[in-house]
Amino acid sequence: MKLTDISRQLATAFAAVGVSGLVLVGCSNSSAPEANQEPVTEGATAETTASTSDIDPEHTKIVIGTTEGDFADMVRNQVKGTLEAQGYEVELVAFTDYVRPNLALAEGDLDINIFQHKPYLDTFKKENNLDLVEVFQVPTAPLGIYSGKKSSLDEAFKGMSVSAPNDPSNFARALVMMDDLGWIKLKDGIDPLTASKADIADNSKYDIDIVELEAAQLPRARDEVDFAVINGNYATDSGIKLTEALFQEPSFAYVNWSAIKSADTGKKWVEDVTNAYNSEAFKKYAHETFPGYKYPKIWGSDTSASTDTAAKTDSTETVETEAAAQ
């Protein structure tokens, strides 16, 4: 099964699954429905920013919503300072669930949110009748295959064990990765979102024992299997460097996006936030702080992690989100 096939199927695959089934791929670490509204930097007020000519005069305060963790850190440590230096007042609201950030955005409590990949956004806004649109991609911790008892993909052998997250969406992604590596062969035309063991057409090459575990247990169980498929956030939470991955999913379909209300498209403040996330200063910060992450496709040659296998992509891939990043 080729990545081009997956790309063509993603839109219909995600549309067929309820939002509750997609929560696990919204990209964060927690599911408690809480939010932390952080104070603006002392001295940054609407009065002072309104007098600055280099900002949107009709929108001098920007409220950014993210999930807690790396996306919130990107705002705290880099983006907030950049926008405030420009003259904006910036407020960060950090959530610990995947539902409220989109609802808060639609209701006007946020100006922009950053926490989700495009298939999740597309499905959520359709099911909830929300007029939201994606703007730009952000660095995202990808799913990867890590060493267990074996330290190299060249050590793959018949009868090896491979652990994988047991939730349906991430397990499907793990199967697609193994198919990409040639470890297994998936049936033609299967749904990449819901792929299961029943969709494996051929496992005879390595006769892999696929061990399904709770995602949070995968880092701790590495020494019990030959290889481990681990979610990026659980890898980093456990102190595993993403650059240690032996292979990362090549598709850009799961790189996360920012989202705004459609009515705000084209406004200067949106352009300024976009520029802050695509600035050379932010790129430098991201490469130094988040090595091994999947970087925005629009960044060009800096899009992927530093391992040779992580950089392996299909040049013919036509994921719909690429057009939105132009």
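- Of the residues listed (Thr67, Asn102, Val63), the one engaging Asn113 in a side chain to side chain contact (heavy atoms under 4.5 Å, CB included) is Asn102, and it is the only one.
- Close placement of the Tyr277 and Phe136 rings is indicated, their centers lying within 6.0 Å of each other.
- Both tests hold for Lys297 against Phe252: distance to the six-membered ring centre under 6.0 Å, angle to the ring axis within 45°.
- One finds no salt bridge joining Glu271 and Lys268 here, because no Lys/Arg side-chain nitrogen approaches an Asp/Glu carboxylate oxygen to under 4.0 Å.
- Residues Leu242 and Pro142 form a side-chain contact, since some pair of their non-hydrogen atoms from C-beta on lies under 4.5 Å apart.
- Put simply, CG on Asn231 and CG on Asn170 are 4.5 Å apart, with the number rounded to the nearest 0.5 Å.
- Counting only distance, with no hydrogens or angles, the side chain of His287 and the backbone of Thr289 share no donor-acceptor pair below 3.5 Å.
- Between Tyr295 and Trp299, the ring-plane angle classifies as parallel under the 30° and 60° cut-offs.
- Distance alone, capped at 3.5 Å, places no donor-acceptor pair between the Asn128 side chain and the Leu130 backbone.
- Using a distance-only test at 3.5 Å, with no hydrogens or angles considered, no donor-acceptor pair links the side chain of Glu127 to the main chain of Phe124.
- With values rounded to the nearest 0.5 angstrom, Ser262 atom OG is found 6.5 Å from Lys125 atom NZ.
- The two atoms that bring Ser151 and Ser147 nearest to each other are CA-CB, 3.7 Å, heavy atoms only.
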Under the side chain to side chain contact (heavy atoms under 4.5 Å, CB included) rule, what do Ile210 and Met178 come out as? Steps first, then yes or no, please. CA-CA 11 Å; Ile210 303 176; Met178 286 186 262; 4.1 Å; yes
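- Side chain of Lys294 to main chain of Leu143: no donor-acceptor pair is present (N/O by atom type, distance under 3.5 Å, no hydrogens or angles).
- At a cut-off of 3.5 Å, with distance as the only test, no side-chain donor of Ser238 or Arg220 sits close to an acceptor on the other residue.
- Between Leu110 and Pro101, the closest heavy-atom pair is CD1-O, 3.5 Å.
- One side chain, Tyr293 or Asp70, offers a donor N or O that lies under 3.5 Å from an acceptor on the other.
- Between Lys197 and Glu212, at least one side-chain nitrogen of the basic residue sits less than 4.0 Å from a carboxylate oxygen of the acidic one, meeting the salt-bridge criterion.
- Across every non-hydrogen atom of Leu213 and Ala221, the tightest pair is CD1-CB, 3.7 Å.
- Of the possible donor and acceptor atoms, none in the side chain of Thr60 sits under 3.5 Å from a partner among the backbone N and O of Pro57.
- For residues 207-228, the ring-ring contact (aromatic ring centres under 6.0 Å, His included) pairs, not counting sequence neighbours, are Trp183-Phe227.
- Note that CZ of Phe115 is 14.5 Å distant from CD1 of Ile64, once rounded to the nearest 0.5 Å.
- Between Gln137 and Asn256, the side chains place no donor N or O within less than 3.5 Å of an acceptor N or O (distance only, hydrogens not considered).
- Expressed to the nearest 0.5 Å, how far CG of Leu186 lies from CG of Asp191 amounts to 11.5 Å.
- In terms of heavy atoms, Ser161 sits closest to Asp226 at N-OD2, 2.8 Å.
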For the pair Ile62 and Glu89, evaluate side chain to side chain contact (heavy atoms under 4.5 Å, CB included) and give the outcome as yes or no after the intermediate values. CA-CA 6 Å; Ile62 303 172; Glu89 178 183 354; over 6 Å; no
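- Checked by atom type and distance alone, the side chain of Gln86 never pairs as donor or acceptor with a backbone atom of Thr82 at under 3.5 Å.
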Could you go step by step and tell me if Val270 and Ile112 meet the side chain to side chain contact (heavy atoms under 4.5 Å, CB included) rule? CA-CA 8 Å; Val270 177; Ile112 186 169; 5.7 Å; no
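- Side chain of Lys187 to main chain of Ala198: a donor-acceptor pair is present (N/O by atom type, distance under 3.5 Å, no hydrogens or angles).
- For the atom pair Gln248 CD and Asp180 CG, the distance stands at 12.5 Å (nearest 0.5 Å).
- Distance CG/Asp199 to CG/Asp188: 11.5 Å, rounded to 0.5 Å.
- Within 6.0 Å of NZ on Lys149 lie more than 12 heavy atoms contributed by other residues, nucleotides or ligands.
- Under 4.0 Å is where a charged nitrogen must lie from a carboxylate oxygen, and between Lys284 and Glu280 no such pair does.
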Does the pair Val162 and Tyr206 meet the rule for a side chain to side chain contact (heavy atoms under 4.5 Å, CB included), with working shown? CA-CA 11 Å; Val162 178; Tyr206 290 110; over 6 Å; no
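- The shortest non-hydrogen separation linking Leu121 to Val133 is CD2-C, 4.3 Å.
- Under a 3.5 Å cut-off, the side chain of Asn77 and the backbone N or O of Asp73 do form a donor-acceptor pair.
- Qualifying ring-ring contact (aromatic ring centres under 6.0 Å, His included) partners for Tyr146, counting only residues two or more places apart in sequence or in other chains: none.
- Salt-bridge formation is detected for the pair Glu68/Arg76: a Lys NZ or Arg NE/NH1/NH2 atom is positioned less than 4.0 Å from an Asp or Glu carboxylate oxygen.
- Listed for the Tyr120 side chain is a donor-acceptor partner under 3.5 Å among the backbone atoms of Tyr98.
- For Phe290 and Tyr285, the gap between ring centers is short of 6.0 Å.
- Between Lys118 and Trp257, the closest heavy-atom pair is N-CD1, 3.7 Å.
- Within a 6.0 Å sphere centred on CG of Asp223, heavy atoms belonging to other residues, nucleotides or ligands number more than 12.
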